[in-house]
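Numbering of residues begins at 1 and proceeds along the displayed sequence. Scope of the values below: all heavy atoms of this structure, side chains included, with no hydrogens, waters or symmetry mates.
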Amino acid sequence: MDKQRSITKEQLMDLIKKYKIGKKPLSKLLGWGETTVLLYSAMDVVPDNEYTERLYQLYIDKGQYLEVLLQNRSNITDIAFRKSLKAIHEPIFESKILVVAQYIIDINKRAISQARLDVILMWSQIMSLYLYDRPIFEDIYQPSKGNGNSPYRLVAEKYKEKHFFSLSEDHVVEEMKDNLYEAFKTKLEPVLTDEVKEIVSHISDMFAWYGEKAFLSLLASERFRLCGPPDSKIRRSASNDMLKKVYTDVFEQAKVKKLTDLDGFISKRIDILRKKIGD
């Protein structure tokens with residue numbers, strides 16, 4: 001079967017709906033003739049050409065659409081720009097864990113691997129439970145079939161769907177954040193508290209010293225700790241209460257009492273895993 005290259009009519013209509021942009025503004029945004037998208041949307045069968053291939057890429061990759069929106073914002077009205085910008089982010093701000101995941105990508109200032117995102121999310125949750133007796137998000141640790149050792153099903157699914165995005169440094173990021181903050185203020189403030197940002201930022205910086213092999217090994221070892229062997233049927237998930245109990249015991253033995261103590265713990269943990277795999 002040939003790999004799809006051009007957008008279908010149904011996908012084109014869905015693109016317009018999910019990005020909340022009109023047909024003529026979309027054409028203008030892309031630097032095309034004003035009626036280009038309008039004409040395609042009126043056809044029963046959309047032709048295969050460079051225009052429809054470009055539309056398909058924007059449909060499957062929200063990050064690419066955001067790049068175009070920011071680069072060519074002068075082609076459309078300010079109202080159309082803000083409306084579409086808000087639409088891109090709205091699905092993320094409907095979920096606490098997705099808000100935190102996107103925040104991690106934002107502070108890293110570049111695209112990051114799923115494994116790196118996973119370890120930062122997991123250890124941030126663990127430290128919040130251990131230090132403050134409250135989770136950052138409600139999602140439980142639940143590695144699922146097809147997602148390897150990824151601890152959070154929703155994040156794994158959205159990562160594969162290219163739900164998250166990173167911004168290039170040459171964009172006016174602060175202006176964009178101001179627009180988004182006003183639009184989603186009531187949803188952001190309860191999630192990204194100063195306490196949460198401190199934990200996530202520290203753990204994100206801590207893992208900047210390590211590579212993909214370390215992340216994958218750590219995810220696998222913690223899954224074994226929490227759920228037993230991969231083929232085990234005893235337990236396939238761990239509640240946040242269980243996470244707190246397990247790692248409270250671990251941290252008390254390792255004398256981890258504050259956030260900065262985690263650095264040494266992780267360093268020793270990864271060193272043990274490295275030697276074990278090396279053997």
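- Checking side-chain atoms of T35 against main-chain N and O of L38 turns up no donor-acceptor pair under 3.5 Å.
- Under the 3.5 Å distance criterion, with hydrogens and angles disregarded, no donor-acceptor pair is assigned to the side chains of Y56 and D48.
- The backbone N or O of A214 lies less than 3.5 Å from no partner atom in the side chain of S217, so there is not a single donor-acceptor pair.
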Exercise for the section: In sequence, state the C-alpha distance, the side-chain angles, and the governing distance for S6 and T52, and then conclude on side chain to side chain donor-acceptor pair (under 3.5 Å). Expected result: CA-CA 5 Å; S6 298; T52 56; 3.3 Å; yes
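- A single hydrophobic cluster is seen to contain both Y19 and I76, as judged by linkage of ILVMFWY side chains at heavy-atom distances under 4.5 Å, directly or through other members.
- Hydrophobic clustering, with ILVMFWY side chains joined whenever heavy atoms are under 4.5 angstrom apart, keeps Y141 apart from L216.
- The two atoms that bring P91 and L98 nearest to each other are O-CD1, 4.2 Å, heavy atoms only.
- Using the six-membered ring where Trp is involved, Y130 and F251 have ring planes that are perpendicular, over 60° apart on the 30 and 60° scheme.
- With hydrogens and angles disregarded, no donor-acceptor distance shorter than 3.5 Å links the side chain of S128 to the backbone of P135.
- By the neighbour-count criterion of 12 heavy atoms within 6.0 Å, atom CG of D249 is densely surrounded, having more than that number from other residues, nucleotides or ligands.
- Crowding of K9 atom NZ: a count of heavy atoms from other residues, nucleotides or ligands under 6.0 Å exceeding 12.
- Side-chain N or O atoms of N108 include one that pairs as donor or acceptor with a backbone N or O of I104 at under 3.5 Å.
- If you chain together hydrophobic residues whose side chains sit under 4.5 Å apart, I140 and V246 never meet in one group.
- When the shell of 6.0 Å around CH2 of W32 is examined, it contains more than 12 heavy atoms from other residues, nucleotides or ligands.
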Exercise for the section: Determine, step by step, whether D271 and K275 satisfy the salt bridge (Lys or Arg N to Asp or Glu O under 4.0 Å) criterion, reporting the C-alpha distance in whole Å, the side-chain angles of both residues, the deciding distance to 0.1 Å, and the verdict. Expected result: CA-CA 6 Å; D271 193 46; K275 291 176 180 177; 3.4 Å; yes
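- A continuous path of ILVMFWY side-chain contacts below 4.5 Å connects I60 to L15, so both sit in one hydrophobic cluster.
- Salt bridge status for D261 with K255: absent, with no side-chain N to carboxylate O gap under 4.0 Å.
- Checking Y247 against Q125 by side-chain atom types alone, no donor-acceptor pair falls below 3.5 Å.
- Salt-bridge check for E212 with R116: failed, with every basic side-chain N at 4.0 Å or more from each acidic carboxylate O.
- Residue K24 places its NZ atom among 12 or fewer non-hydrogen atoms of other residues, nucleotides or ligands, all under 6.0 Å distant.
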